[in-house]
2 protein chains.
Amino acid sequence: MEKKLTRKEREKQRRRFDILEAAEIIFAEKGFDRTTVEDIAAHSEFAVGTLYNLFSGKEQLYNSLIEIRSKQMSAEVNAVLDKTKGPLEMVRAYVNAKIKLFTKYQYFVCLYSRERLGDRFINHDLWRETIAPLYNGVLSRLVDAIRAGVSQGIFRNDIDPEDIVIALEGLTDGFVYAWLENPDTFPFEEKEQSMIDFFISGALAK
Amino acid sequence: MEKKLTRKEREKQRRRFDILEAAEIIFAEKGFDRTTVEDIAAHSEFAVGTLYNLFSGKEQLYNSLIEIRSKQMSAEVNAVLDKTKGPLEMVRAYVNAKIKLFTKYQYFVCLYSRERLGDRFINHDLWRETIAPLYNGVLSRLVDAIRAGVSQGIFRNDIDPEDIVIALEGLTDGFVYAWLENPDTFPFEEKEQSMIDFFISGALAK
DNA sequence: ATATATTATGAATTATCATTCATTATAAGC
DNA sequence: GCTTATAATGAATGATAATTCATAATATAT
């Protein structure tokens with residue numbers, strides 16, 4: 001029950017989408033507050049007024065973007081996780097997918113990382129009701145996997161599985177930040193092995 | 001050659017400092033752009049005009065704050081690292097100090113984390129010339145320690161020491177983020193052991 | 001081809017703030 | 001206490017940027 005759109009409607013969606021893509025790049029570069037609607041208009045090659053025909057305002061435009069991308073990314077991660085069999089394999093697949101998806105959605109990752117602590121995220125309905133559940137959904141699959149791995153004797157049992165996931169997420173984000181601060185020179189894609197090795201057995205020599 | 005200030009000068013410094021402390025809380029809460037000068041004035045119990053007698057503008061006020069706090073924090077971390085003897089001890093001390101200092105300077109940590117990817121940081125002289133060197137100074141002490149540890153056979157030699165430091169920094173920041181997103185309920189101070197255990201030997205069971 | 005409906009446009013309007021500065025209050029010197 | 005210097009004040013100014021809307025352009029229907 002999706003395809004019930006007229007051609008007009010589809011064209012409208014396409015225009016919307018084009019604007020969101022242009023906006024994404026500017027938001028990633030300058031953040032929400034320093035991005036002007038005129039900026040977005042110029043880059044999407046529409047007039048300001050046209051943006052207001054297609055979105056009810058700057059904030060709503062931004063929210064649409066966040067919502068679409070969050071859904072895309074979480075769907076793609078979940079699809080990857082679905083295919084894994086054991087806990088350790090899931091972690092490996094997660095790290096691999098994170099690198100691939102973050103590279104694919106670089107602009108969104110950048111704007112998200114920039115604003116995740118801001119009140120546009122933390123205090124917003126969209127965040128609480130839509131984005132956070134998606135994100136937590138992924139995280140709790142990881143927690144479950146770690147927990148299962150603990151039962152099976154794969155993962156250590158002296159650290160809370162939730163903490164292990166925080167560590168995994170933080171550790172990988174460390175590389176993400178290093179990359180975002182230096183997108184052109186930091187070889188993010190090559191760090192998969194370092195991340196997994198470190199996750200598996202830490203820093204100490206054997 | 002410091003104490004050459006008249007009482008007037010000292011009082012001026014004190015007023016400046018009080019304003020910076022009020023500003024810090026608001027900047028941490030709302031970020032630079034959504035913080036108004038009137039906000040800062042109201043919270044510091046001065047009039048707007050008075051802020052402009054003491055600082056040349058909003059940006060300069062913000063920069064003073066960043067500079068002061070960065071110097072304080074890096075001085076305190078360095079003092080801790082100075083006292084350590086072996087590489088592993090340095091890592092332990094670093095994690096411990098990070099928890100203590102981040103708790104002590106919570107507001108600053110919050111505003112810094114919020115804006116570290118913004119262009120106010122990345123493209124600014126203050127950042128490039130003052131803050132980044134301080135931060136990199138600490139990080140390179142850690143890299144040196146890891147490198148020494150590798151020679152001594154303490155740390156593994158199959159991950160680049162720089163990557164190990166990125167992992168350490170990311171891993172600990174993971175807990176910082178979890179805490180900043182939920183300052184009242186996440187028991188950040190209790191996570192020292194998890195962080196260190198994970199750093200030392202990763203997630204796998206022995 | 002003409003009339004009608006839909007969509008795009010950007011100049012004008014409005015709102016929000018940073019900054020200034022003429023005025024008032026406070027402190028210092030005599 | 002009176003005069004002068006120093007500091008504080010907040011209403012007025014100016015700049016920037018979100019939003020609106022009357023008009024122009026384009027598409028659709030007849």
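Source: prediction; values computed, not measured.
Regarding A/Leu61, its CG atom lies at a distance of 11 Å from the P atom of D/dA18, rounded to whole Å. The CD-P distance, from A/Glu38 to D/dT20, rounds to 15 Å in whole Å. Here the P atom of nucleotide C/dT9 and the CG atom of A/Asn53 are 9 Å apart, to the nearest Å. We find that NZ of B/Lys12 is positioned 6 Å from P of D/dA7, with the value rounded to whole Å. Regarding A/Leu51, its CG atom lies at a distance of 11 Å from the P atom of D/dA18, rounded to whole Å. The CG atom of A/Asp33 sits 11 Å away from the P atom of C/dA18 (whole-angstrom rounding). Across the protein-nucleic acid pair, B/Phe46 atom CZ and C/dT26 atom P stand 14 Å apart, rounded to whole Å. Per the geometry, CD belonging to B/Glu9 stands 9 Å off P belonging to D/dA7, to the nearest Å.
Of the two residues contacting DNA chain C, namely A/Glu45 and B/Gly49, the nearest-nucleotide position lying further toward the 5' end is that of A/Glu45. Nearest-nucleotide mapping onto DNA chain D: of A/Gly57 and A/Arg7, the residue sitting toward the 5' end is A/Gly57.
In summary, A/Arg69 and A/Glu24 engage in a salt bridge, as defined by a charged side-chain N under 4.0 Å from a carboxylate O.
You'll find that the side chain of B/Ala47 is closest to D/dG10, out of C/dG10, D/dA7, D/dG10. Comparing D/dT19, D/dT28, C/dA8 by their nearest atom to the side chain of A/Val48 picks out D/dT19. For A/Tyr52, the side-chain atoms get nearest to D/dA18 when compared with the rest of D/dA18, C/dA18, C/dA8. Of the candidates D/dT6, C/dC17, C/dT6, D/dT6 carries the atom nearest the B/Lys8 side chain, counting heavy atoms from C-beta on. Candidate nucleotides C/dA18, C/dA8, D/dA7 were compared by shortest atom distance to the side chain of B/Lys58, and C/dA18 ranks first.
Within 4.0 Å of A/Ser56, counting heavy atoms only, lies no atom of the nucleic acid at all. Residue B/Thr50 is classed as a base contact, given a heavy-atom separation below 4.0 Å to a base. At a threshold of 4.0 angstrom between heavy atoms, the contacts of A/Arg15 are confined to the sugar-phosphate backbone, with no base atom among them.
In this structure A/Phe46 satisfies the ring pair (Phe, Tyr, Trp, His ring centres under 6.0 Å) test with no other residue, sequence neighbours excluded.
Around atom CZ of B/Phe121, more than 12 heavy atoms belonging to other residues, nucleotides or ligands sit under 6.0 Å away.
Between B/Trp127 and B/Arg120, the closest side-chain pair of non-hydrogen atoms is not below 4.5 Å. Here the side chains of A/Leu126 and A/Gln60 are not in contact, with every heavy-atom distance at 4.5 Å or above.
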